[in-house]
Amino acid sequence: MGAEWELGAEAGGSLLLCAALLAAGCALGLRLGRGRGVADRGALIWLCYDALVHFTLRSPFQREGPFVYLSLVGNVANSDGLIASLWKEYGKADARWVYFDPTIVSVEILTVALDGSLALFLIYAIVKEKHYRHFLQITLCVCELYGCWMTFLPEWLTRSPNLNTSNWLYCWVYLVFFNGVWVLIPGLLLWQSWVELKKMHQKETSSVKKFQ
């Protein structure tokens, strides 16, 4: 097998940490989603994983080294620790995450402060069946999609000088898969909100017509 197909220790550790967060998100989502439909259980799994990622890997409020904090006090390249090593590994695919990039850091500050909090509020709204559930869901999904847009469009417009697509792991796993998930699932949740709001509107319209 060629060297480009080898999985190093750093990559293995990073993928293992991501898998651990996913397992925790699944466990929490399934516990909170007991007795609910498949769609809501899936949404809760994703939201729990989403919140864990935002608050453990990116949050500036934890001193052991999440991304925003490391970027505000210096940069990932000059930092040590488990989380720093994870971002250094991802930085092999996108160098902007290793050295201070104002666009990336600005998007991540918004992501942690807004998206992480919205994910927690949305979990509560789903579990408690609150009337504002789909308002929060649409808002969170639009924010997630905007974050992906602002992360990659400026880079693409400048011919992607910081992206490394020469290695299968960096290209298809780090860049395409991990970022694609934050496009695909918010897109599906937006569609779910559209369908549910359409059903509610049709139900309300039918009820009004019956009394006319």
Side-chain angles (χ1 to χ4, degrees), residues 13-33 40-73 75-76 79 81-91 93-94 96-98 100-127 132-133 135-152 173-175 177-190 193:
S14 298
L15 294 174
L16 185 62
L17 178 57
C18 291
L21 289 175
L22 179 59
C26 288
L28 288 170
L30 290 173
R31 182 179 179 83
L32 292 170
D40 279 353
R41 289 201 304 272
L44 286 168
I45 288 172
W46 164 252
L47 291 169
C48 288
Y49 174 69
D50 191 34
L52 284 171
V53 169
H54 289 321
F55 288 124
T56 62
L57 300 187
R58 293 167 168 169
S59 174
F61 307 114
Q62 300 179 31
R63 297 290 174 162
E64 65 270 17
F67 176 77
V68 172
Y69 174 74
L70 292 177
S71 298
L72 291 176
V73 300
N75 58 55
V76 171
S79 303
L82 177 63
I83 304 299
S85 65
L86 186 150
W87 287 114
K88 286 178 183 178
E89 177 61 23
Y90 182 77
D94 188 343
R96 295 173 299 166
W97 295 80
V98 179
F100 184 88
D101 182 278
T103 300
I104 293 295
V105 176
S106 297
V107 169
E108 287 303 306
I109 290 173
L110 179 65
T111 296
V112 172
L114 185 59
D115 294 6
S117 300
L118 281 173
L120 293 179
F121 288 133
L122 181 52
I123 290 170
Y124 175 81
I126 294 174
V127 171
Y132 49 79
R133 178 260 178 92
F135 170 76
L136 291 180
Q137 186 161 306
I138 291 170
T139 304
L140 173 60
C141 291
V142 170
C143 288
E144 298 281 17
L145 293 172
Y146 175 76
C148 290
W149 175 271
M150 288 305 300
T151 296
F152 286 103
V173 179
Y174 291 178
L175 294 176
F177 176 74
F178 280 119
N179 289 288
V181 168
W182 260 269
V183 174
L184 176 62
I185 297 183
L188 291 174
L189 290 176
L190 277 177
S193 291

Kindly compute the distance separating [atom1] ([X]) from [atom2] ([Y]), expressed to the nearest 0.5 Å.
| X | Y | atom1 | atom2 | result |
| --- | --- | --- | --- | --- |
| Leu188 | Ser193 | CG | OG | 11.0 Å |
| Asp50 | Ile45 | CG | CD1 | 13.5 Å |
| Thr103 | Met150 | OG1 | CE | 6.0 Å |
| Leu21 | Thr56 | CG | OG1 | 4.5 Å |
| Cys18 | Leu52 | SG | CG | 12.0 Å |
| Cys143 | Leu110 | SG | CG | 6.0 Å |

> salt bridge (charged side-chain N to carboxylate O under 4.0 Å, His left out) with Arg133: which residues, sequence neighbours excluded?
Replying inline: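 Arg133 satisfies salt bridge (charged side-chain N to carboxylate O under 4.0 Å, His left out) with Asp40 once adjacent residues are dropped.
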> When you look at CZ of Phe121, are more than 12 heavy atoms from neighbouring residues, nucleotides or ligands closer to it than 6.0 Å?
Replying inline: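 Open.
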>> With a 6.0 Å cut-off (strictly less than), is the heavy-atom count around OH of Tyr132, excluding the residue itself, greater than 12?
In response: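 Atom OH in Tyr132 is crowded, with more than 12 foreign heavy atoms closer than 6.0 Å.
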Side chain to side chain, [X] and [Y], heavy atoms closer than 4.5 Å:
| X | Y | value |
| --- | --- | --- |
| Val107 | Tyr146 | no |
| Thr139 | Leu114 | no |
| Leu72 | Ile109 | yes |
| Tyr174 | Leu15 | yes |

So which heavy atom on [X] is nearest to which on [Y], and how close?
| X | Y | value |
| --- | --- | --- |
| Phe55 | Ser117 | CZ-N, 3.7 Å |
| Val76 | Ala84 | CG1-O, 3.6 Å |
| Thr111 | His54 | CG2-CE1, 3.0 Å |
| Leu122 | Gln137 | CD2-CA, 3.7 Å |
| Cys48 | Leu32 | SG-CD1, 3.9 Å |

> Is there a donor-acceptor contact under 3.5 Å from the side chain of Lys88 to the main chain of Ser79?
Replying inline: yes
> Is a side-chain N or O of Trp87 found less than 3.5 angstrom from the main chain of Leu57, in a donor-acceptor match?
Replying inline: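 At least one qualifying donor-acceptor pair exists.
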> Taking atom types as modelled, is there a side-chain donor on Trp182 or Asn179 under 3.5 Å from an acceptor on the other?
Replying inline: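 Absent: no donor and acceptor within the cut-off.
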> Can you name the ring-ring contact (aromatic ring centres under 6.0 Å, His included) partners of Phe152, sequence neighbours left out?
Replying inline: Trp156
> Name the one of Leu120, Leu140, Ile185, Leu118 that satisfies side-chain contact (heavy atoms from CB on, under 4.5 Å) with Leu47?
Replying inline: Leu140
> Yes or no on side chain to side chain contact (heavy atoms under 4.5 Å, CB included) for Asn75 and Val98, after CA distance, side-chain angles and deciding distance?
Replying inline: CA-CA 6 Å; Asn75 58 55; Val98 179; 5.8 Å; no
> Could you walk me through whether Trp97 and Thr151 pass the side chain to side chain contact (heavy atoms under 4.5 Å, CB included) check?
Replying inline: CA-CA 11 Å; Trp97 295 80; Thr151 296; 4.3 Å; yes
>> Please determine whether side chain to side chain contact (heavy atoms under 4.5 Å, CB included) holds for the pair Ile83 and Phe67, giving the CA-CA distance in whole Å, both sets of side-chain angles, and the decisive distance to 0.1 Å.
In response: CA-CA 8 Å; Ile83 304 299; Phe67 176 77; 5.9 Å; no
